[in-house]
Each structure stands twice: as C-alpha cells, then as structure tokens.
Participant: 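Below you'll find the structure I mean.
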Protein chains: 2
Amino acid sequence: MPITKVNEEELLDRLTDVFRTYGYDGASLSKISEATGLQRASLYHRFPGGKEDMAKVVLERAGQWLFNRVLAPLSGPGTPAQRIRNMANELHSFYAGGQNCCLLDSLSFGSDDNAIRQHVQQGMSAWVNELAKVAQEGRVSAKKARQKAQDAISQIQGTLVVARVIKDYGPFERMLAELPTTLLGKQA
Amino acid sequence: MPITKVNEEELLDRLTDVFRTYGYDGASLSKISEATGLQRASLYHRFPGGKEDMAKVVLERAGQWLFNRVLAPLSGPGTPAQRIRNMANELHSFYAGGQNCCLLDSLSFGSDDNAIRQHVQQGMSAWVNELAKVAQEGRVSAKKARQKAQDAISQIQGTLVVARVIKDYGPFERMLAELPTTLLGKQA
DNA sequence: TATTATTTACCGAACGTTCGGTATATGTCA
DNA sequence: TGACATATACCGAACGTTCGGTAAATAATA
C-alpha cells in the first residue's frame, strides 16, 4: 500500500478546522484542499461521498471525542462536583480555551433539509441527555435536570459565540468555573 | 420615478431572513433573488456594493432596530428591573421567540479578514457596553457590570443556538425571565 | 425628455465532482 | 527470489453548474 501524504488523524484535524471556521457552505473544496494539502480528486478518494461525507465524518469524530474525553468523566469516580470540574477541564482543551468554535454551531446554518443538520441535532441532543444524568444526581426532578443541562449547553455555546465575535475569552473561562453550580445548584 | 417592485422595508426584511438563515457565504445571490423577488441586476441597482453592501445594510438596520426597540427602554423610566423586563419583552419579539437566529452569530463565520466581521464585532461590543450601563445601576463595580453584561449576551446567543439546533425554545424563554437577575444580581 | 427601476443576456471565475492516468505498496505463484 | 497482478494514494485536467457581477435595453414615472 502506498504511503499516505497525510495520515487519517491529521487529515481529519485539518478538515475539522476548516468546517469549524467557515461553516458547511463556507468550507469550499479549494479551502479544504489547501488546508489538507490534498488535491480535490484525492479528497474524493478518501471521502467517496464528497463534501457531505467529509462533514459527516468530522461531526462523528467530534462526537466521539466529546463522548470519550468530556462526557466519560461524568460517569467516573468522585463526587458529582468533582466530575463536573473534570469535564470543565476537558472542555477547556476541547475548545482551545474558547478559540475553537463549536461544530454544532457552525454546521447548523443553512436550509432545514440540509443533510448535516439532523446529525448536528442528534449530537447536541445526546449531549444534553448525558449532562441531564449528572444534573439529576443533584437530587432534582428529571425535568429540572434537563433544564439545567440545557442551560449548561446554552452557556457553552453562548460564551463561544461571544469569544468568536469580540475575541474575549473571559466569559468562557468564567462559565467553565461555574459549571458545577449551573448543573447541580448551589451546593458544590 | 418608476414604482418599486418591492419597497425598501420589505426588501430588507427578506434580505435579513436570508442572511440569518444561511450566513454570509450560504446566502447566494440566487437565494437572495428568489427570496426578494428581484433579479440579480436589480439587486445591484439597489445595492451598488453588491452582496457585501447588502450584508452591511442588513446588519446596520438590525443594529438600529436593537438600539431603538431593545436598548432604548434601558434608559427610560422605571426601576432597573422593570426596564430590563421591558427589554426582555422586546427581545422576545426581536428574535421571534427564539425562532430567528442572531445575525451576530450567522455573520461571524469565515476568515478573519472578512469585511463583515468587524461590523459584527462592533455591533456586539456596543450591545455589551449598553447592557453594562444598566448592570452598573445595581451598584457593582464597572468590571463586574461588564461581566454581567457579557453573561447576558452569552446566554442570549447560547439559547438561540440551542433553539436553532434542537428546536427547543424553552431555554430562550427561561433566559429572558432570568435576565433581571442575570444583570442585576439577586435583588430584583 | 430626463430619470429611475427593472429586465434580459451575458461575463470570467469558482463551485463540487469526475475522469484518466501514475506511482507505490501488497499478495501470490512459479 | 523474481515476476506479475492487484489495490491504494495521489494528481492534473476537465466536467457541467453556479457563483458574484456587469452592460445594454425596456418600461414607467415625473
């Protein structure tokens, strides 16, 4: 088998960067080609389904990343507050301190029949459900727990938008520090 | 003067819709033409600067809308909490209960040298400053007031992202109800 | 008539995608 | 081991379509 010009991991990293920065429509094959170092035709060899395929794989991978690194600690040992602080640390590196914007945001624009959008929706829904589990350890109703989970996701997304627009990463940092309170309530 | 096929206000309304939904890159001239009922050349008659011109005008108009309807009540009569509740009501209609996403989000993607992005940044910065003024009426330091303002904007943006992705408008509604607390602290 | 809104027709460039072909690795059988 | 078929990874060039944008002509107001 011939040697690959760029290995799978790095290829997906760069692909992710482009989709994150420019969104689905903004991520042209020219930009993708430049960012990955692969010609258009080579990209079609790796992703027979074309651009849509690329976005799906990128989204799937980010979801696994999130699940393994960010959500996994939530089911681990330690008090709920400790586990949430662990998640906050992972989130910090996941979003590069607020400098990386969220694929769930950038890929959620466009028409409703967009093939990518349902994947985005599933991703965020799964995330909410996972956070709601921990929130419920704070001995609140399922409904309240779900609300807290939604609030946490909202704050993550919101601080990332603010970071991207006005380039101030303070809100993102503060939001991570407040995550235990957000998800569990007053008691830390 | 020949009669206009579509008057300025309605033209800008539809234009705003397209940019909101698809972002700058996703808003192709074909989509814009279809949404407005005007041919490409007609659009260039109305906006000599082309697509970038359209986006600027749309952004400028949204900014004025925000300033006149949403931010103005903040300097009006009544207690700070009352004025913030007024703003929340205006925000509710401004974003159609969470169904309209924010131009500051959709137009903030793309490369850094994007001509639109600095307009977006100025818009959000002005918004933060305005909110910080009210927050400071809660007798807190300028720094704390600015943080509260940023938190409020973050929550607005975040709940709108969540609404767009998973089509749940609960977080947006709850966030509006909590705005007085968010901006002023415990005392309402 | 002068001005203005809109249209048709068109432009070069870029879009996502596909094709034909080359070079490098692996598998296999003599 | 050598020779050859197969599979993989890649590229240059082109596909038809759509992009953002323009020029010339028509229609309608003042």
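Letters go in sequence order (proteins before strands), and every chain restarts at 1. Note that the coordinates shown come from a computational prediction; the quantities given were computed from them, not determined experimentally.
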Participant: Looking at residues 34-50 of chain A, who's got a heavy atom less than 4.0 Å off DNA chain C?
Facilitator: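 Going residue by residue through residues 34-50 of chain A, the ones with a heavy atom under 4.0 Å of DNA chain C turn out to be A/Arg40, A/Ala41, A/Tyr44, A/Gly50.
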
Participant: Could you tell me how far apart B/Lys31 (NZ) and D/dT17 (P) are, to the nearest whole angstrom?
Facilitator: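 Going from NZ in B/Lys31 over to P in D/dT17 covers 18 Å.
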
Participant: Excluding sequence neighbours, so at least two apart, what forms side-chain hydrogen bond (donor to acceptor under 3.5 Å, both in side chains) with A/Ser141?
Facilitator: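 A/Ser141: no side-chain hydrogen bond (donor to acceptor under 3.5 Å, both in side chains) contacts found.
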
Participant: Taking side-chain hydrogen bond (donor to acceptor under 3.5 Å, both in side chains) as the definition, give me every residue that meets it alongside B/Arg40, ordered by chain and number, with sequence neighbours left out.
Facilitator: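 B/Arg40: side-chain hydrogen bond (donor to acceptor under 3.5 Å, both in side chains) contacts with B/Ser30.
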
Participant: What residues, two or more places apart in sequence or in another chain, satisfy ring-ring contact (aromatic ring centres under 6.0 Å, His included) together with A/Phe47?
Facilitator: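 Here no residue qualifies.
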
Participant: Looking at A/Asn7, is its backbone amide N or carbonyl O close enough to the side chain of A/Glu10 to form a donor-acceptor pair, meaning the two atoms are under 3.5 Å apart?
Facilitator: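 No: the side chain of A/Glu10 does not pair with the backbone of A/Asn7.
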
Participant: Holding to salt bridge (Lys or Arg N to Asp or Glu O under 4.0 Å), I want the full list of residues that pass it with A/Glu52, two or more places apart in sequence or in another chain.
Facilitator: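 For A/Glu52 the salt bridge (Lys or Arg N to Asp or Glu O under 4.0 Å) partners, ignoring immediate neighbours, are A/Lys56.
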
Participant: Applying salt bridge (Lys or Arg N to Asp or Glu O under 4.0 Å), name anything that partners A/Asp17, two or more places apart in sequence or on another chain.
Facilitator: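 Per chain and number, A/Asp17 pairs via salt bridge (Lys or Arg N to Asp or Glu O under 4.0 Å) with A/Arg20.
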
Participant: In this structure, how many angstroms lie between the C1' atom of D/dG20 and the CD atom of B/Glu52, rounded?
Facilitator: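 It is 12 Å, rounded to the nearest whole Å.
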
Participant: Whole Å only: how far is the CG atom of B/Asp53 from the C1' atom of D/dG20?
Facilitator: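 Computing the B/Asp53:CG to D/dG20:C1' distance gives 14 Å.
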
Participant: Of all of residues 9-30 of chain B, which get a heavy atom below 4.0 angstrom from DNA chain C, listed by number?
Facilitator: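 Those residues: none at all.
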
Participant: If hydrophobic residues (ILVMFWY) are linked whenever their side-chain heavy atoms come closer than 4.5 Å, directly or via other members, who joins A/Phe109 in its cluster?
Facilitator: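 Joined to A/Phe109, directly or through intermediates: B/Phe109.
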
Participant: Considering residues at least two apart in sequence or located in another chain, which fulfil the salt bridge (Lys or Arg N to Asp or Glu O under 4.0 Å) criterion with B/Lys144?
Facilitator: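 Expected list: none.
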
Participant: Can you measure A/Lys51 atom NZ to C/dA14 atom P for me and round it to whole angstrom units?
Facilitator: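 One finds 16 Å between P of C/dA14 and NZ of A/Lys51, rounded.
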
